[in-house]
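Let me begin by presenting the structure, written as C-alpha cells, before commenting on it.
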There are 4 protein chains.
Amino acid sequence: MGRSDERCCIRTGAGRRESYTEAPSVYQGVIAVEARPPGRARRPRADAARNRERLLEAAKRVFGRDDGAHSSLEAVAREAGVGIGTLYRHFPTRESLFEAVYRREVEQLVELAGQLAGGPDPVAALRRWLRANVEFVATKKGMAAALAIVMQGTTDLSAYTAERLTAAVGGLIDRAVAAGALRGDVGPEDLLRLLVSLCYGSSAPGWQHNVLRLLDVFVDGMRRDRA
Amino acid sequence: MGRSDERCCIRTGAGRRESYTEAPSVYQGVIAVEARPPGRARRPRADAARNRERLLEAAKRVFGRDDGAHSSLEAVAREAGVGIGTLYRHFPTRESLFEAVYRREVEQLVELAGQLAGGPDPVAALRRWLRANVEFVATKKGMAAALAIVMQGTTDLSAYTAERLTAAVGGLIDRAVAAGALRGDVGPEDLLRLLVSLCYGSSAPGWQHNVLRLLDVFVDGMRRDRA
Amino acid sequence: MGRSDERCCIRTGAGRRESYTEAPSVYQGVIAVEARPPGRARRPRADAARNRERLLEAAKRVFGRDDGAHSSLEAVAREAGVGIGTLYRHFPTRESLFEAVYRREVEQLVELAGQLAGGPDPVAALRRWLRANVEFVATKKGMAAALAIVMQGTTDLSAYTAERLTAAVGGLIDRAVAAGALRGDVGPEDLLRLLVSLCYGSSAPGWQHNVLRLLDVFVDGMRRDRA
Amino acid sequence: MGRSDERCCIRTGAGRRESYTEAPSVYQGVIAVEARPPGRARRPRADAARNRERLLEAAKRVFGRDDGAHSSLEAVAREAGVGIGTLYRHFPTRESLFEAVYRREVEQLVELAGQLAGGPDPVAALRRWLRANVEFVATKKGMAAALAIVMQGTTDLSAYTAERLTAAVGGLIDRAVAAGALRGDVGPEDLLRLLVSLCYGSSAPGWQHNVLRLLDVFVDGMRRDRA
DNA sequence: AATGAATGAGGCTTCATTCAT
DNA sequence: CATGAATGAAGCCTCATTCAT
C-alpha cells in the first residue's frame, strides 16, 4: 500500500509550500451558537435543559467514535448519564438527535465562512475554509456523518441547514469567481459533496493529510488562470 | 471436504451490450476472465452454480442500495430467492461475500486499464478510465460499495485485489506523468479514494453527470502545463 | 445506571408448607434468608421484581426438565410469560441465570445443614440431610441441574456457592468422623457428587425411593463400625 | 488417549491396597462382537459396509469429545469422511446412530461379565466389573452418554440392550447374594444407575479415581457381613 | 449408493420503541 | 419530567433433514 509516511510537506498547486501541522487553525475562534426555536413559551426546566445538553454532548462523543453512526441510542443515553426515556423525550427520532447534533456544528462552519469572506485573497479563503472543515471533522469525528446527512437532504430540517451551509460556501466561491480567480462551473453543492465524500469514511492514519492534498488539487483544477 | 473454494466459475457473457448514457461507453469490451482450477474433477452442481450466481447478483443489488453495506445477509438471500443457509454455504462470512462480489468487477476494471494504456494521449486515457468507472458504478450500483470495501483494505484477499486495481490505475497515471502531462504528487490511491468517495452514496438524479464534472476538474488540477 | 445487580430481593414465604411424600420432610423449616443491599435507595419496580421471580421459577421448571440444562433461553422466557428481552435484562448471560437459580436453593440447604448439626446422632443427621436433598430435588426439580452446575464449579460465583455447600455438608461429615462413626476417606465433595449424580436425570417413577435406598447403602459403606 | 496420571493409590473398604494403574485391566481381551440383524437377505456392498464402519468409529470419536453428545451430525460425517447423506442412509435418526455406537460397547461389557462370573470371589468379581466399566468410560468417553441413554430406556432397541446389560450385572450380583456376601436389596438396575450417574458428566481431572472410590464404598455398604 | 446442496426452523442476541412508576 | 423495565422484531448463525444429481 502506499504513501503512509506523512512527512506532510507537500507542494500545493502554485508552488506554495505548507506544513499542515504548523498551519494556523482557523475554526477555533468560532463561538458555539445554539439556535433554539423561539416559539416555545414555557421556559424549560433547568434539569431538562441540562439533560438536553448532556445528550447532545454524549451523542457527539458516541457518534464520533469509529462507525459511531450505528451506535445504539441506549449507548448515547448511558454516555449522557440519563435514562433512555429521557433521550426519547428530547429527541423523538434518531434523526432528530442527529440533526440537533450537527446543527450546532454546521452553525460554526457557517460562521467561519462569514469571517473568512472579508480577506483579500478569495481563493485562499476558500482553501482555508475547506481546511477548517477537515480539521473540524478530524476533531469531532461525528461531523463527517453529520455533514453526510445534511447533504443527502432527507429531512426538511436538514434541508434548512444544508441551505445555510450551501449559502455560506457559495458566498466564498462567488467572490472568487467574481474576481476572475475561479471558473464558474463548480457550485457550492459540488464542493460540499466532494468535501463530505472525502471525509466520510476516511479513517486510515494520515487521512487528513491526504484529503487536504486532494482538495488542494481540486481547487487548482478550479483555477481560472490555468487552461 | 465441503466449502467450495471461492473462486468463481461463472462467466458473465462478454456479448451483453448496454449503454446507460449517451456518452460513448468504454468498458464494454471488457471480458470477464476467471481462472478455473483445473484439478477439481467434480463439476459443480448446476443448481449450486445458479444459486451462487443469484447470490452474487443479489448481493450486488442489495449492497448497492443506500447504506447497503449494512444490509442484512438475510435480505441478500431473500433477494436472491434462496434460503439463508444457502447463502452461508457459499459465503461463510460476510466478508467472503463482499470479496466475491467485488473481485469480478474489479477484474474488469483492471482489464480496461490495460486496454486503455495503449492510446496516444495518456491524460485522455485516464479520463476515460475514470468515466468508465462512473458508468460502471451507474450500471452496477453495487460497485461503489465494492470499491469502497476494496480500498479500505480490511482483508488479505481484498488487499490483493486492491493492489491489482492500484497497479492498473497507477500505470495510467505513471504514463501521463512520464510524458510530463500530469504532476507526480497524486498517486493511484488518491485517485481511487476520490473516485470511490464520489460515487459512494451518490444517488441523487444526475449524480453521474456531477461526479464526472468533479473528476474532470480534479484532473485539470493534476495537469502539469498549468501553474 | 442499568443492570441491577444480581442479588435477589424476593423472599419465598417461609410459611408455605408442602409435603411431597409421606416421609417426614425435614427441609420445611428452612427460611430463605437473602441479604438486601442497604445502600440502594430506589426500590425495584413491582413488575421488575415479579418478572424476575417468574423467570427464576420458569428457569427452575425448564432446566429441571430432562436435559433441561440445554433448554433455550427463549423457552424459559416463554414459560415465564415474559419477552426474551426481559430475560436478558435480568440475566445478561445464561450463566447468570443459572447462578441466580441455584443460589437461593443452595442457601436453604446450607441453612438446613446448620440446623441438623445440633442433633445427637451425627450419622442420622447426615442421612436426614441427604434425604432432605432428595426431597428438595423432588419438590423443585430444577435443583438437580442447579446442584450439578454448582458442583462443576465453572464460575467464580458458583465456586463460592459450591464452597458454602461443601462446608455445610463437610461439617456434618466431620462431626460423624470425629465421633468415630464414619470413616474419614469420603469427603463432602464425594458425597455431593454422588448426590447430584443420582438425582440428576432421575425421572422414572419411584426414583426418589430408589435414590434414597442407594444413598443409605452408601452411608452404610461409610460406617466405621463395620470391618 | 485416556489414563493420564492415575497414580491413584487409595484404601478401599476393607483395607485392601490397590494401585489403579497396576491393577490388571480386564476388558482388553474382550472381542468386539458386532451383532447384525440376520434377516437382511442382501449382502451389503463392500463400500457400504466400510462407510458404516467409518461412521461408527467417527461417531465414537466425535461423541467421545467433551460435550460430544451435542455434536452435529455433519461433524460426524466429516470425521468419517463421508457425505451427510450417507450418514442418514445408514442411521436415519440420531438415536439409531447412538444405539449402534453403544451396542457394541455394551456387548463387550456383557461379555466381560460372563468371563468374570467364573472366579472364586463373587464380590471381587463385581468390583472388577465396575472397575472395568469405569476404565471403559475413561477410554471411550462417549460410553458415558451411551450408557446413560441405555439406562433411560427411551427406545425399544435400547431397551433390549439395557436388558442384556442388566442381566449381565444381575448375574454377578446374584452369585454374590447367593453366597451370602451381599445383601439382596440392591438390584442390577440400581448399580447400573449409580455407575452411569457417577461416570456421566465427570470430567474433572482424577475423576476416575474418585468414582472408583465411591463405588468401592458403595459395595462396602452392600456387604452382608457388616452390620 | 454416495454425495453434498438447499432449506428453514430455531436459538442467540441487540436495540428501537413504548409505557408503567 | 425522568426513569428504566418490557417487548418483540430482526439480524446472526447453526444444524437437522430432505432431495437432486
Side-chain angles (χ1 to χ4, degrees), chain A residues 44-52 70-78 81-90 92-94, chain B residues 1-4 42-52 55 70-78 80-90 92-94, chain C residues 1-4 42-52 55 70-78 80-90 92-94, chain D residues 44-52 70-78 81-90 92-94:
Chain A
R45 259 169 49 174
D47 56 347
R50 184 170 32 86
N51 280 342
R52 185 188 168 84
H70 298 96
S71 306
S72 75
L73 295 186
E74 287 252 6
V76 173
R78 200 163 39 239
V82 307
I84 181 67
T86 305
L87 184 150
Y88 269 87
R89 168 168 290 273
H90 286 288
T93 69
R94 169 179 276 260
Chain B
M1 208 30 27
R3 292 301 169 243
S4 63
R42 182 179 287 273
R43 180 157 59 82
R45 253 218 262 165
D47 55 348
R50 179 172 35 83
N51 279 340
R52 188 189 169 82
L55 280 165
H70 298 97
S71 307
S72 78
L73 296 186
E74 305 206 311
V76 173
R78 211 176 314 127
V82 306
I84 182 66
T86 302
L87 184 149
Y88 272 91
R89 167 172 287 275
H90 285 286
T93 69
R94 170 178 279 261
Chain C
M1 211 23 33
R3 291 303 169 238
S4 63
R42 182 180 287 274
R43 182 157 59 83
R45 247 169 52 170
D47 56 348
R50 180 172 35 82
N51 279 341
R52 190 190 168 83
L55 280 165
H70 299 97
S71 307
S72 77
L73 296 186
E74 304 204 313
V76 173
R78 212 176 313 127
V82 307
I84 182 65
T86 303
L87 185 149
Y88 271 88
R89 167 172 285 276
H90 285 286
T93 68
R94 170 179 279 260
Chain D
R45 258 168 51 173
D47 57 347
R50 184 169 33 86
N51 279 342
R52 185 188 168 84
H70 298 96
S71 306
S72 75
L73 296 185
E74 287 252 6
V76 173
R78 197 162 43 237
V82 306
I84 181 67
T86 305
L87 184 150
Y88 268 87
R89 166 169 290 274
H90 286 289
T93 70
R94 170 179 275 259

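Below, read A as the first sequence line, B as the second, and so on, with proteins coming before strands; counting in each chain starts at 1. Hydrogens, waters and symmetry mates are skipped; everything else that's a heavy atom, side chains included, is used.
- The line from CZ of A:Arg94 to OH of A:Tyr88 is 8.0 Å long, rounded to the nearest 0.5 Å.
- Listed nucleotides E:dT17, F:dA2, E:dA2 differ in distance to A:Arg89; the shortest reach to its side chain belongs to F:dA2.
- When distances run from any side-chain atom of D:Tyr88 to the nucleotides F:dA2, F:dT18, E:dC12, the shortest one goes to F:dT18.
- Ranking E:dC12, F:dT7, E:dT7 by closeness to the B:Asn51 side chain, first place goes to E:dT7.
- Of the listed nucleotides (E:dG11, E:dA16, E:dA2), E:dG11 has the atom at the smallest distance from the side chain of C:Glu74.
- Residue A:His70 places no side-chain N or O under 4.0 Å from the OP1 or OP2 atom of E:dT14.
- You'll find that the side chain of C:Leu73 is closest to E:dT13, out of E:dT13, E:dT7, F:dA16.
- Base pairing of E:dA1 is not made with any nucleotide, judged by Watson-Crick or G-U wobble geometry with both donor-acceptor distances under 3.5 Å.
- Here the nucleotide nearest the side chain of B:Val82, chosen from E:dA16, E:dT7, F:dA2, is E:dT7.
- Minimum atom distance to the side chain of B:Arg94 is reached by F:dC12, of the listed F:dC12, E:dA6, E:dA16.
- The distance from atom CZ of C:Arg78 to atom P of F:dA6 is 19 Å, rounded to the nearest whole Å.
- Under the Watson-Crick and G-U wobble criteria, each requiring two contacts below 3.5 Å, nucleotide E:dT13 is paired to F:dA10.
- Taking each heavy atom of A:Asn51 and A:His90 in turn, the nearest pair found is CB-NE2, 4.0 Å.
- Comparing F:dT17, E:dT17, E:dA2 by their nearest atom to the side chain of D:Asp47 picks out E:dA2.
- In this structure, B:Leu87 atom CG and F:dT14 atom P are separated by 12 Å, rounded to whole Å.
- Between the CZ atom of D:Arg52 and the CZ atom of D:Arg89 there is a distance of 13.0 Å, given to the nearest 0.5 Å.
- Comparing C:Ala75 and A:Thr93 by the nucleotide of DNA chain E whose heavy atom lies nearest to each, the residue mapping closer to the 5' end is C:Ala75.
- Distances shorter than 4.0 Å separate some side-chain N or O of B:His90 from OP1 or OP2 on E:dA6.
- Partner assigned to E:dA6 is F:dT17, using Watson-Crick or G-U wobble distances below 3.5 angstrom.
- Among the heavy atoms of the strands lying under 4.0 Å from B:Ile84 is at least one base atom, whether or not backbone atoms are also near.
- For D:Leu73 against D:Leu87, the heavy-atom pair with the smallest separation is O-CD1, 3.6 Å.
- Residue A:Thr86 is classed as a base contact, given a heavy-atom separation below 4.0 Å to a base.
- Scanning all heavy atoms of the two residues, the minimum distance from C:Ala77 to C:Leu55 falls at CA-CD2, 4.3 Å.
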